[in-house]
Amino acid sequence: MNATRTAREPAYAPTRTDRLLAAVGGLVAAYVSLAVADLVASRVRPEAAPVPAVGGAVVDRTPAGLKEWAIRAFGESDKAVLQLGILLLLGLPAAGIGLLALRHRAAGSAAVGAFGLLGALAAVTRPDSDSALDAVPSLVGAAVGAALLYVLIGRLLAPRPGAAQADRRGFLIVAASAGLAATGAAALGRAVGSPVEENATASRAALRLPRPASPAPPVPAGAQLRVPGISPFLTPNRDFYRVDTALVVPKVDAGRWRLRLHGSGVREERTFTLPELTARRIVERDITLACVSNEVGGPYVGNARWLGVHLADLLREAGVRPPSEGGPADQLVARSVDGMTIGTPVEEVMDGRDALLAFGMNGEPLPFTHGFPVRMIVPGLYGYVSACKWIASIELTTFDAYDAYWVPRGWAAEAPVKTQSRIDTPRPLARPAAGTVMIAGVAWAQHRGITRVEVRIDDGTWRDARLAAEDSRDTWRQWTYPWEATPGRHTLTVRATDGTGATQPERRTGTMPDGAQGWHSVVVTVA
């Protein structure tokens with residue numbers, strides 16, 4: 001019989017240690033594969049890396065209820081948690097592939113290649129992919145990982161001359177060297193950066209915001225109350241909430257950015273550049289945004305000063321008429337560079353409110369996380385039906401003809417912001433001292449305004465809070481109530497009344513399908 005050893009017939013019986021090392025080899029191969037893919041993606045397109053590509057596909061297929069749970073549980077860290085979860089889930093099959101390779105060396109390497117094909121397929125089928133080059137990072141990473149696993153397992157299958165056991169020392173040297181090299185390459189890739197991202201960053205740094213022809217009115221002196229713990233009237237950019245599905249924040253070169261306007265009722269398709277937008281009549285407005293995922297008392301709401309152009313002006317110039325004037329389109333579908341679609345009622349965009357294509361936020365170009373170079377802002381509507389970030393096109397259509405991204409996932413097609421109020425201070429479970437305690441917070445009902453806020457202590461009588469000065473009906477409003485606190489455990493509750501005379505309902509509802517409602521309460525213990 002031929003004594004030559006084959007990949008299927010090792011010349012020795014693998015020990016438990018060998019099997020453990022084979023599993024480690026699978027993990028090392030997977031790590032190196034991902035590191036190499038990320039390095040290649042930095043030169044191609046960061047979004048084409050396998051983890052963001054596969055993660056994006058997972059997000060798109062995740063049930064809406066699970067997404068809501070992730071937002072509640074992890075807040076704005078939900079994307080990092082998802083990517084970490086993907087990496088952890090990859091660990092089990094990676095270890096299994098290593099064990100497979102110990103018995104079938106070529107099959108193990110082929111399995112690594114199969115994962116690479118999966119990542120490549122995910123990358124090229126993402127809505128934001130426009131080139132077959134997006135497959136390259138996963139394919140190159142898989143090729144390197146497959147070759148490394150083949151070499152590593154070869155060390156376990158090839159005893160040293162004169163020895164009857166695997167070359168474990170050689171295995172460890174190769175594994176450690178490959179891991180260190182991959183780590184260094186990944187660090188180098190992050191240090192050097194992506195040409196795409198570098199160009200985008202340079203274009204943002206070079207953008208000089210134009211002076212508004214219609215500046216925002218000065219914030220009334222009494223709009224910002226001097227109460228420790230209350231949300232500032234204008235939310236700093238660094239603190240403004242972020243809720244979206246982008247695992248990698250799109251970084252768009254403003255010089256290459258284009259906005260396409262087309263669809264039903266558009267007289268002639270048009271394309272706009274950023275210089276063309278900034279050369280138009282510029283308006284500046286304070287507008288509060290709220291996310292539909294914001295639970296009662298939640299943090300996903302903020303107020304900022306936006307700079308841009310009226311979207312209705314562009315639409316009318318293109319011949320668009322709202323349904324009330326006989327226009328054929330009742331839905332405006334905004335598409336982001338990452339493929340997200342946001343459906344907005346045409347009537348609301350064109351009814352005279354300050355619906356904007358914004359490129360400035362609180363006196364600076366939009367941050368990348370908030371949509372640079374251009375995003376939509378429509379007062380009075382939740383963000384998922386109005387606030388498209390990284391906008392690339394606007395199509396006029398109908399609600400019957402097209403469901404935007406969130407609608408098939410259980411959310412309402414139309415979603416005006418509901419009247420809400422929140423206690424900012426004292427915080428839940430706080431232990432204030434007896435005496436005068438200032439209860440304070442914010443209330444909002446964009447495009448309707450807030451006319452009254454009331455506070456109740458335990459099950460007592462509702463008392464009027466003091467309202468801060470109103471900036472506009474499109475911004476939130478601060479409020480305060482001085483409470484003579486007595487020792488013991490107390491429940492503080494708030495409710496607001498909007499400009500139509502409607503008061504928040506008591507019954508709490510969840511965020512789906514069109515936003516949460518109900519009274520916000522906090523429990524404190526007075527010492």
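All of these numbers come straight from a predicted model, not from anything done at the bench. Atoms considered below: every heavy atom in the structure, side chains included; atoms not considered: hydrogens, waters and symmetry mates.
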message: I'd like to know whether Ser421 forms a side-chain contact (heavy atoms from CB on, under 4.5 Å) with Trp519, so could you lay out the CA-CA distance, the side-chain angles of the two residues, the decisive distance to 0.1 Å, and finally the verdict.
response: CA-CA 7 Å; Ser421 54; Trp519 298 342; over 6 Å; no

query: Is there a side-chain contact between Asp354 and His310, using heavy atoms and a 4.5 Å cut-off?
result: yes

query: Is there a side-chain contact between Val296 and Gln420, using heavy atoms and a 4.5 Å cut-off?
result: yes

query: Do side-chain atoms of Arg204 reach the backbone of Leu366 as a donor and acceptor pair under 3.5 angstrom?
result: yes

- prompt: Do Ile282 and Leu307 pass the side-chain contact (heavy atoms from CB on, under 4.5 Å) test, and can you show the C-alpha distance, the side-chain angles, and the key distance before you say yes or no?
  reply: CA-CA 7 Å; Ile282 306 301; Leu307 187 75; 3.5 Å; yes

query: Looking only at side chains, do His370 and Asn237 share a donor and an acceptor under 3.5 Å apart?
result: no

task: Dump the intermediate steps for salt bridge (charged side-chain N to carboxylate O under 4.0 Å, His left out) on Glu276 and Arg258, then the final yes or no.
output: CA-CA 10 Å; Glu276 287 173 339; Arg258 299 291 184 271; over 6 Å; no

- prompt: So, does Trp306 use its side chain to make a donor-acceptor pair with the main chain of Ile287 at under 3.5 Å?
  reply: yes

- prompt: Is any side-chain heavy atom of Phe233 closer than 4.5 Å to a side-chain heavy atom of Asp286?
  reply: yes

task: Quick one: do Arg375 and Ile391 satisfy side-chain contact (heavy atoms from CB on, under 4.5 Å)? Show the steps, please.
output: CA-CA 5 Å; Arg375 69 174 295 168; Ile391 190 170; 5.6 Å; no

- line: On a heavy-atom basis, the closest approach of Ala465 and Trp479 is CB-CE3, 3.8 Å

- request: Verify the distance criterion only: is there a donor paired with an acceptor across the side chains of Asn303 and Thr235 at less than 3.5 Å?
  value: no

- request: Tell me, please, whether Trp462 has Arg495 positioned over its six-membered ring: NZ or CZ under 6.0 Å from the ring centre and within 45 degrees of its axis?
  value: yes

message: Looking at Ala468, is its backbone amide N or carbonyl O close enough to the side chain of Arg477 to form a donor-acceptor pair, meaning the two atoms are under 3.5 Å apart?
response: yes

query: Hey, is CZ on Arg508 packed in by over 12 heavy atoms from elsewhere, all under 6.0 Å?
result: yes

message: Counting C-beta onward and ignoring hydrogens, is there a side-chain heavy-atom pair between Val196 and Arg43 closer than 4.5 Å?
response: no

task: Sequence neighbours left out, what passes ring-ring contact (aromatic ring centres under 6.0 Å, His included) with Phe115? Give chain and number order.
output: none

statement: d(Thr344 OG1, Met376 CE) to nearest 0.5 Å is 4.0 Å

- request: Please answer whether the main-chain N or O of Asp498 pairs with a side-chain N or O of Thr451 as donor and acceptor at a distance below 3.5 Å.
  value: yes

message: So, using ring-ring contact (aromatic ring centres under 6.0 Å, His included) as the criterion, who are the partners of Trp257 when residues are at least two apart?
response: none

query: Do the charged groups of Asp128 and Arg45 touch, with an N to O distance under 4.0 Å?
result: yes

Side chain proximity check, Val523 to Pro428, heavy atoms < 4.5 angstrom: no

Ala329 versus Ser264, closest heavy-atom pair with distance: CB-O, 3.7 Å

- prompt: Taking side chain as C-beta onward, heavy atoms only, is Glu348 less than 4.5 Å from Arg353?
  reply: yes

field: Side chain Ser203, main chain Ala200, donor-acceptor under 3.5 Å
entry: yes

message: Taking Glu347 first and then Arg321, would you say they form a salt bridge - that is, a charged N and a carboxylate O separated by under 4.0 Å?
response: no

Taking every non-hydrogen atom, the tightest pair across Ser42 and Pro195: O-CD, 3.2 Å

query: Side chains of Phe368 and Thr201: closer than 4.5 Å at any heavy-atom pair?
result: yes

message: For the backbone of Ala205 and the side chain of Arg208, can you confirm whether one donor and one acceptor N or O come within less than 3.5 Å of each other?
response: yes

Closest non-hydrogen atom pair between Val252 and Pro373, with its separation: CB-CD, 3.7 Å

field: Gap between atom CG of Asp338 and atom OG of Ser129 - 0.5 Å precision
entry: 12.5 Å

message: Whether the side chain of Thr288 engages the backbone of Trp476 through a donor-acceptor N/O pair (distance < 3.5 Å, no angle test) should be reported.
response: yes

statement: ring-ring contact (aromatic ring centres under 6.0 Å, His included) pairs touching residues 270-294, sequence neighbours excluded, are none

Minimum heavy-atom distance Leu34-Pro50, with the two atoms named: CD2-CG, 3.7 Å

message: Taking Lys389's backbone N and O only, do any of them form a donor-acceptor pair with Ser336's side chain (distance below 3.5 Å, no angle check)?
response: yes

Distance-minimising heavy-atom pair for Tyr241 and Cys291: OH-N, 3.4 Å

message: Quick check for you: to the nearest 0.5 Å, what is the distance between Thr425 atom OG1 and Ile423 atom CD1?
response: 9.5 Å

message: Under the criterion salt bridge (charged side-chain N to carboxylate O under 4.0 Å, His left out), I'd like the reasoning laid out for Glu395 against Arg260: C-alpha separation, chi angles, the key distance, then a yes or no.
response: CA-CA 8 Å; Glu395 179 182 5; Arg260 179 188 179 203; over 6 Å; no

task: Taking the six-membered ring of Tyr300 (Phe, Tyr or Trp), confirm whether the NZ or CZ of Arg422 is under 6.0 Å from its centre and within 45° of its axis.
output: no

task: Evaluate whether atom CD of Glu268 has more than 12 neighbouring non-hydrogen atoms of other residues, nucleotides or ligands under 6.0 angstrom away.
output: no

task: Taking Thr398 for its side chain and Ala401 for its backbone only, find out whether a donor-acceptor pair lies under 3.5 Å.
output: yes

task: For the pair Gln478 (side chain) and Leu467 (backbone), establish whether a donor and an acceptor sit closer than 3.5 Å, ignoring hydrogens and angles.
output: no

- prompt: Applying the side-chain hydrogen bond (donor to acceptor under 3.5 Å, both in side chains) test to Arg448, which of Thr419, Thr500, Thr497 qualifies?
  reply: Thr419

task: I would like to know whether Glu454 and Gln504 meet side-chain contact (heavy atoms from CB on, under 4.5 Å); could you show each step before the answer?
output: CA-CA 11 Å; Glu454 299 168 278; Gln504 283 179 259; over 6 Å; no

- prompt: Any ion pair linking Arg280 and Asp313 (charged N to carboxylate O, less than 4.0 Å)?
  reply: no

message: Rounded to the nearest 0.5 Å, what separates atom CD1 in Ile439 from atom CG in Leu492?
response: 4.5 Å

task: Take Asp514 and Lys418 through the salt bridge (charged side-chain N to carboxylate O under 4.0 Å, His left out) test and state the conclusion after the steps.
output: CA-CA 9 Å; Asp514 59 358; Lys418 295 181 177 179; 3.0 Å; yes

query: Should the heavy atoms of other residues, nucleotides or ligands under 6.0 Å from CG of Leu88 be counted, would the total exceed 12?
result: yes

query: When rounded to the nearest 0.5 angstrom, what is the spacing between OG in Ser293 and CE in Met512?
result: 9.0 Å

query: Does any non-hydrogen side-chain atom of Ile394 lie less than 4.5 Å from one of Val333?
result: no

- prompt: Just checking, is any N or O donor in the side chain of Asp474 or Ser472 under 3.5 Å from an acceptor N or O on the other one?
  reply: no

query: On the ring face of Tyr405, is Arg409 found with NZ or CZ under 6.0 Å from the centre and within 45° of the axis?
result: yes

message: When you compare the side chains of Glu284 and Ser214, does any donor N or O come within less than 3.5 Å of an acceptor on the partner?
response: no

Distance in Å, Thr475 OG1 paired with Trp444 CH2, rounded so as to fall on 0.5 Å steps: 12.5 Å

